[in-house]
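Accompanying notes for the structure given below.
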Amino acid sequence: MKFTAIIPARYASTRFPGKPLAMLGGKPVIQRVYEQAVGVLGEACVATDDERIFQAVARFGGRAVMTRADHQSGTDRIEEAATTIGTDADVIINIQGDEPFVQPSQIETLCRLFDDPQTQIGTLGKRFETTEAVMNPNSPKIVCDTRGFALYFSRSPIPFVRGVGQESWLCHFPFLKHLGIYAYRREVLSEITRLPQSPLEKAESLEQLRWLQNGYRIRVGETDVETVGIDTPADLERAEAFLATVSGATSRRS
């Protein structure tokens with residue numbers, strides 16, 4: 001089975017315009033994402049609507065494709081890119097252009113989900129560590145069936161643990177945080193991008209609910225690695241500090 005990564009990257013961002021081109025440890029953020037993907041899969045492509053990002057990828061020797069500027073989601077951008085480049089991959093992995101620390105283990109976990117032919121879409125979840133994080137509506141939660149297929153995603157803390165104070169919920173149930181990295185079988189990607197928005201998607205503002213509500217099966221792999229995305233200039237500063245810590249630890253080991 002062949003896997004490839006397509007990395008959607010837009011220049012326009014309300015909180016951090018141009019973040020794919022922001023420098024992180026001497027390299028553009030988009031280059032760090034690209035190198036992480038290629039290191040595992042052997043190939044990747046950046047899908048962008050901005051010539052500056054396209055040229056930046058070309059300068060570091062990566063592959064990029066220009067897409068329309070009016071896509072409503074990264075998934076739509078990935079479908080256009082996959083069609084344009086004519087990929088022969090069986091599974092396409094969607095790695096966001098602001099995730100420079102996506103780990104090989106996370107990508108490998110996603111790939112293994114497709115050993116099961118019933119997996120149409122794959123994604124990742126990580127156990128919550130604090131009750132405060134569980135209650136945060138900006139951190140979507142997942143509940144799964146006994147085989148690891150998603151039953152529902154919500155911004156609300158699900159499930160509700162009856163008869164127990166919220167401060168003790170983590171002692172009674174392994175709440176699972178959704179990490180926004182996806183993988184799709186090629187034909188499924190084409191199908192889901194033709195679906196209209198669903199009522200659940202509109203209610204929770206979570207695109208994956210459109211797929212669930214239309215009967216697609218989303219397999220969830222668990223990871224113990226937290227993502228370190230970059231949404232704001234402050235996030236970039238934290239990423240620089242994190243990179244320095246990782247680089248220092250690597251130097252000490254060598």
**OP:** Please report the C-alpha distance between Phe60 and Ile30 in whole Å, then the side-chain angles of each, then the deciding distance to 0.1 Å, and finally whether the side-chain contact (heavy atoms from CB on, under 4.5 Å) criterion is met.
**Re:** CA-CA 10 Å; Phe60 68 71; Ile30 191 63; 4.2 Å; yes

Ignoring hydrogens and geometry, is there a side-chain-to-backbone donor-acceptor pair from [X] to [Y] under 3.5 Å?
{"X": "Lys177", "Y": "Val134", "value": "no"}
{"X": "Asn136", "Y": "Ala133", "value": "no"}
{"X": "Tyr34", "Y": "Val29", "value": "no"}
{"X": "Glu79", "Y": "Asp76", "value": "no"}
{"X": "Gln106", "Y": "Leu124", "value": "no"}
{"X": "Gln120", "Y": "Tyr216", "value": "no"}
{"X": "Thr123", "Y": "Val220", "value": "no"}
{"X": "Arg219", "Y": "Asp116", "value": "no"}
{"X": "Arg185", "Y": "Glu187", "value": "no"}
{"X": "Thr48", "Y": "Ala9", "value": "yes"}

Note, [X] side chain near [Y] side chain (heavy atom, < 4.5 Å):
{"X": "Leu110", "Y": "Ile181", "value": "yes"}
{"X": "Pro159", "Y": "Val143", "value": "yes"}
{"X": "Gln197", "Y": "Gln72", "value": "no"}
{"X": "Pro8", "Y": "Asn94", "value": "yes"}
{"X": "Arg63", "Y": "Glu43", "value": "no"}
{"X": "Arg217", "Y": "Arg147", "value": "yes"}
{"X": "Gln213", "Y": "Glu201", "value": "no"}
{"X": "Met23", "Y": "Pro28", "value": "yes"}

Heavy-atom closest contact ([X] atom, [Y] atom, distance):
{"X": "Gly125", "Y": "Ile142", "answer": "CA-CD1, 4.1 Å"}
{"X": "Ile53", "Y": "Pro20", "answer": "CD1-CG, 3.9 Å"}
{"X": "Val164", "Y": "Ser168", "answer": "CG1-CB, 3.6 Å"}
{"X": "Phe16", "Y": "Ala22", "answer": "CZ-CB, 3.9 Å"}

**OP:** Go through the steps to decide whether Asp231 and Lys19 satisfy the test salt bridge (charged side-chain N to carboxylate O under 4.0 Å, His left out), and finish with yes or no.
**Re:** CA-CA 8 Å; Asp231 291 319; Lys19 64 182 176 180; 3.3 Å; yes

[X] side, atom [atom1]; [Y] side, atom [atom2] - distance, nearest 0.5 Å:
{"X": "Arg155", "Y": "His178", "atom1": "CZ", "atom2": "NE2", "result": "11.0 Å"}
{"X": "Ser139", "Y": "Leu176", "atom1": "OG", "atom2": "CG", "result": "12.0 Å"}
{"X": "Thr119", "Y": "Leu113", "atom1": "OG1", "atom2": "CG", "result": "6.0 Å"}
{"X": "Arg194", "Y": "Asn214", "atom1": "CZ", "atom2": "CG", "result": "12.0 Å"}
{"X": "Asp224", "Y": "Gln103", "atom1": "CG", "atom2": "CD", "result": "10.0 Å"}
{"X": "Ile121", "Y": "Ile92", "atom1": "CD1", "atom2": "CD1", "result": "12.0 Å"}

**OP:** Kindly give the cluster partners of Phe54, where membership spreads through any ILVMFWY side chain lying under 4.5 Å from a current member.
**Re:**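 Its cluster partners, ordered by chain and number, are Met66.
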
Examine [X] and [Y] and state if one hydrophobic cluster contains both, with Ile, Leu, Val, Met, Phe, Trp and Tyr joined whenever side-chain heavy atoms are less than 4.5 Å apart.
{"X": "Leu209", "Y": "Phe149", "value": "no"}
{"X": "Leu189", "Y": "Ile218", "value": "yes"}
{"X": "Leu243", "Y": "Val33", "value": "yes"}
{"X": "Val225", "Y": "Leu41", "value": "no"}
{"X": "Phe3", "Y": "Val188", "value": "no"}

Subject >> Verdict with supporting geometry, Phe153 and Trp211, ring-ring contact (aromatic ring centres under 6.0 Å, His included) >> reply: CA-CA 11 Å; Phe153 297 79; Trp211 313 333; 8.4 Å; no

**OP:** Decide if atom CD of Glu129 counts as having more than 12 heavy atoms of other residues, nucleotides or ligands within a radius under 6.0 Å.
**Re:**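 Counting other residues, nucleotides and ligands, CD of Glu129 stays at 12 neighbours or fewer.
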
Original post:
Does CD belonging to Gln118 count more than 12 external heavy atoms closer than 6.0 Å?
Top reply: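 More than 12 heavy atoms, drawn from other residues, nucleotides or ligands, come within 6.0 Å of this atom.
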
**OP:** In sequence, state the C-alpha distance, the side-chain angles, and the governing distance for Thr131 and Glu167, and then conclude on side-chain hydrogen bond (donor to acceptor under 3.5 Å, both in side chains).
**Re:** CA-CA 6 Å; Thr131 302; Glu167 69 279 0; over 6 Å; no

Subject >> Distance under 6.0 Å and angle within 45° of ring axis: Arg52 vs Tyr11 >> reply: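 Positive - Arg52 is close enough to the ring of Tyr11 and near enough to its axis.
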
Subject >> Centroid separation Phe128 to Trp169 less than 6.0 Å >> reply: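 They do not qualify: ring centres at least 6.0 Å apart.
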
**OP:** Show your working on side-chain contact (heavy atoms from CB on, under 4.5 Å) between Ile230 and Leu24 and close with a plain yes or no.
**Re:** CA-CA 11 Å; Ile230 297 175; Leu24 174 60; 4.3 Å; yes

**OP:** Using the side-chain contact (heavy atoms from CB on, under 4.5 Å) rule, take Gln208 and Tyr182 through it: C-alpha gap first, then chi angles, then the decisive distance, then the call.
**Re:** CA-CA 10 Å; Gln208 61 271 32; Tyr182 296 101; 3.0 Å; yes

**OP:** Step by step, work out the side-chain hydrogen bond (donor to acceptor under 3.5 Å, both in side chains) result for Arg186 and Ser190.
**Re:** CA-CA 7 Å; Arg186 178 66 188 93; Ser190 295; 2.9 Å; yes

Are any of the side-chain nitrogens in [X] or [Y] under 4.0 Å away from the carboxylate oxygens of its partner?
{"X": "Arg68", "Y": "Asp49", "result": "no"}
{"X": "Arg32", "Y": "Glu99", "result": "no"}
{"X": "Lys126", "Y": "Glu222", "result": "no"}
{"X": "Asp90", "Y": "Lys2", "result": "no"}
{"X": "Glu204", "Y": "Arg210", "result": "no"}
{"X": "Asp115", "Y": "Arg112", "result": "no"}

Original post:
Between Thr67 and Arg77, does a side-chain hydrogen bond (donor to acceptor under 3.5 Å, both in side chains) hold up when you go through it step by step?
Top reply: CA-CA 7 Å; Thr67 60; Arg77 192 175 307 283; 2.8 Å; yes

Subject >> Derivation of the side-chain contact (heavy atoms from CB on, under 4.5 Å) call for Val161 and Phe175 >> reply: CA-CA 11 Å; Val161 183; Phe175 286 83; 3.8 Å; yes

Original post:
Val102 pairs by side chain to side chain contact (heavy atoms under 4.5 Å, CB included) with which of Ile107, Leu179, Ile93, Val40?
Top reply: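 In the set Ile107, Leu179, Ile93, Val40, the residue that makes a side chain to side chain contact (heavy atoms under 4.5 Å, CB included) with Val102 is Ile107.
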
